[in-house]
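Just follow the structure's listing: the first ligand is 1, and inside any ligand the first atom is 1.
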Amino acid sequence: MMSETVLEVKDLKTWFFTRRGTVKAVNGVDFVLKRGECLCLVGESGCGKTVTALSILRLFDSPPGRIVGGQVIYKGDDLATCPMQRLREIRGGDIAMVFQNAQSSLNPVFTVGDQIAEQVMVHERVSRREALSRAHALMEEMNIPQPGRALNMYPHQMSGGMKQRAMIAMSLSCSPQILIADEPTTAVDVTIRAQIIHILRELKTRRDMSIIFITHDLSLVKDIGDRAAVVYGGRVVEVAAVEDILKNPAHPYTVGLIDCLPDVSSQDKRLPSIAGNTPNPLEMPSGCPFHPRCSHVMDICRSKMPACANITDVHTVSCYLFGDKNGGIAR
Ligand SMILES: Nc1ncnc2c1ncn2[C@@H]1O[C@H](COP(=O)(O)OP(=O)(O)OP(=O)(O)O)[C@@H](O)[C@H]1O
Ligand SMILES: [Mg+2]
């Protein structure tokens with residue numbers, strides 16, 4: 001059964017107009033997010049994951065950034081163009097975000113409890129006492145030991161893993177329908193990482209919440225994702241259920257990413273990597289952005305962006321190896 005769509009990103013383009021030129025960071029991103037699912041955005045550094053996430057709530061630096069095309073449909077509104085007032089209601093309310101390097105966004109001069117309570121009071125008319133008790137419950141939900149004590153701590157008194165969980169607690173303070181978590185586990189050790197993944201999975205089920213989980217690490221996708229969208233050169237190049245992506249990857253870039261997953265049984269401890277470099281965002285290649293690194297490259301790949309083709313009705317790919325060789329999109 002197909003569940004309800006809660007967010008739809010259509011042909012989104014966010015470009016940065018810098019003195020050195022135009023950075024087409026997000027260059028035609030398409031995906032849908034279903035109720036209660038975790039969708040992973042996965043891809044190498046610089047491919048546009050963070051800018052995609054920031055674009056949903058229009059939180060990128062502007063200037064130099066601007067949404068030059070596309071839509072972000074949420075509850076009938078286009079968040080790419082709706083009035084700022086509407087967007088402010090949605091930010092931190094319906095849609096919450098845990099930022100990459102979240103820990104540095106905690107304010108060092110206030111206790112963590114004050115910061116969470118403040119966040120609650122921005123969106124809801126509740127007393128400080130009520131807000132603090134909400135903060136306490138959230139810290140418990142995040143499995144933070146001695147939540148009362150933790151609320152009275154300043155950020156520097158907390159371990160990295162605790163800070164990260166406090167940030168997630170803060171993002172959940174207004175019971176968002178959608179949580180966007182940008183690399184929430186990169187700065188923590190493996191044990192804490194497993195705990196955070198476990199907590200997020202539980203939250204998703206308990207609250208019937210949708211999660212957009214951003215990572216460059218495919219092995220994490222396996223643990224948390226229901227579906228995955230593979231991002232390259234500011235576009236989504238393949239979308240499918242996580243098992244499909246891992247077992248039957250279609251796009252040569254996805255195949256490359258999977259080949260780079262460390263093989264625990266192997267004696268060879270060298271990590272393979274995809275040949276070539278990620279594209280210079282100031283000079284995106286013509287046609288398919290992956291063509292300079294692709295071992296299957298054909299003439300058409302150099303001139304025209306491939307359209308999205310269906311492998312199955314729930315597995316799509318943008319690559320001329322699949323679908324109509326004439327069906328490209330002129331860009
Ligand atoms: N404020 C900005 N001004 C100019 N260019 C920017 C700005 N923010 C991001 N970019 C560029 O946009 C591109 C996409 O960046 P983004 O941060 O979305 O990548 P990412 O996929 O999140 O990478 P990472 O895995 O390293 O976090 C990069 O080339 C980046 O340099
Ligand atoms: Mg990023």
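Not a single heavy atom of Gly65 lies less than 4.0 angstrom from ligand 1. The closest approach between any non-hydrogen atom of Gly46 and ligand 1 is below 4.0 Å. By the 4.0 Å heavy-atom criterion, His216 is excluded from the residues contacting ligand 1.
Remark: atom 31 (O) of ligand 1 lies closer than 4.0 Å to no protein heavy atom. Contact annotation for atom 4 (C) of ligand 1: protein present (non-hydrogen atoms, distance under 4.0 Å).
Inclusion of Thr50 in the set of residues having an N or O under 3.5 Å from an N or O of ligand 1 is warranted. No N or O atom of Pro64 sits closer than 3.5 Å to an N or O atom of ligand 1. The shortest N/O to N/O separation between Val51 and ligand 1 falls below 3.5 Å. Ligand 1 has no N or O atom lying under 3.5 Å from any N or O atom of Ala25, backbone or side chain.
Between Glu243 and Asn248, the closest side-chain pair of non-hydrogen atoms is not below 4.5 Å. In this structure, the side chains of Cys308 and Asp30 stay at 4.5 Å or more apart for every pair of heavy atoms. Counting heavy atoms from C-beta outward, Glu183 and His216 have side chains that approach closer than 4.5 Å. Side-chain contact between Leu246 and Lys222 is present, with heavy atoms from C-beta onward closer than 4.5 Å.
Asp78 places a side-chain N or O within 3.5 Å of a backbone atom of Val72 that can act as its donor or acceptor partner. Not one N or O on the side chain of Arg134 forms a donor-acceptor pair closer than 3.5 Å with the backbone of Val120.
The nearest non-hydrogen atom to atom 1 (N) of ligand 1, considering only Thr22, Asp61, Thr52, comes from Asp61.
Of the listed residues (His251, Arg293, Glu44), just one forms a side chain to side chain donor-acceptor pair (under 3.5 Å) with Tyr232, and that residue is Arg293.
Remark: minimum distance from atom 27 (O) of ligand 1 to any protein heavy atom is reached at Gln100 NE2, 2.9 Å. Closest to atom 25 (O) of ligand 1, if we only count protein heavy atoms, is Lys49 NZ, 2.9 Å. Closest to atom 8 (N) of ligand 1, if we only count protein heavy atoms, is Phe16 CZ, 3.6 Å. For atom 11 (C) of ligand 1, the nearest protein heavy atom (residue, atom name, distance) is Val23 CG1, 3.8 Å.
Near Ser45, with a cut-off below 4.0 Å to any heavy atom, the atoms of ligand 1 are 23 (O), 24 (P), 25 (O), 26 (O).
Nearest heavy-atom pair, Ala228 versus Val242, reported as atom, atom and distance to 0.1 Å: N-CG2, 4.1 Å. Ser175 approaches Arg207 most closely through the heavy-atom pair CA-NH1, 3.6 Å.
Expressed to the nearest 10°, the angle at the Mg ion (ligand 2) joining OG1 in Thr50 with OE1 in Gln100 is 80°.
Put simply, Ser45 stays out of reach of the Mg ion (ligand 2), with no N, O or S atom under 2.8 Å from it.
Remark: Arg66 fails to qualify as a cation-pi partner of Phe16 under the 6.0 Å distance and 45° angle criteria applied to the six-membered ring.
Taking the six-membered ring where tryptophan is involved, the planes of Phe17 and Trp15 are tilted, since the angle between them lies from 30° to 60°.
At a heavy-atom distance under 4.0 Å, only side-chain atoms of Pro281, from C-beta outward, approach ligand 1.
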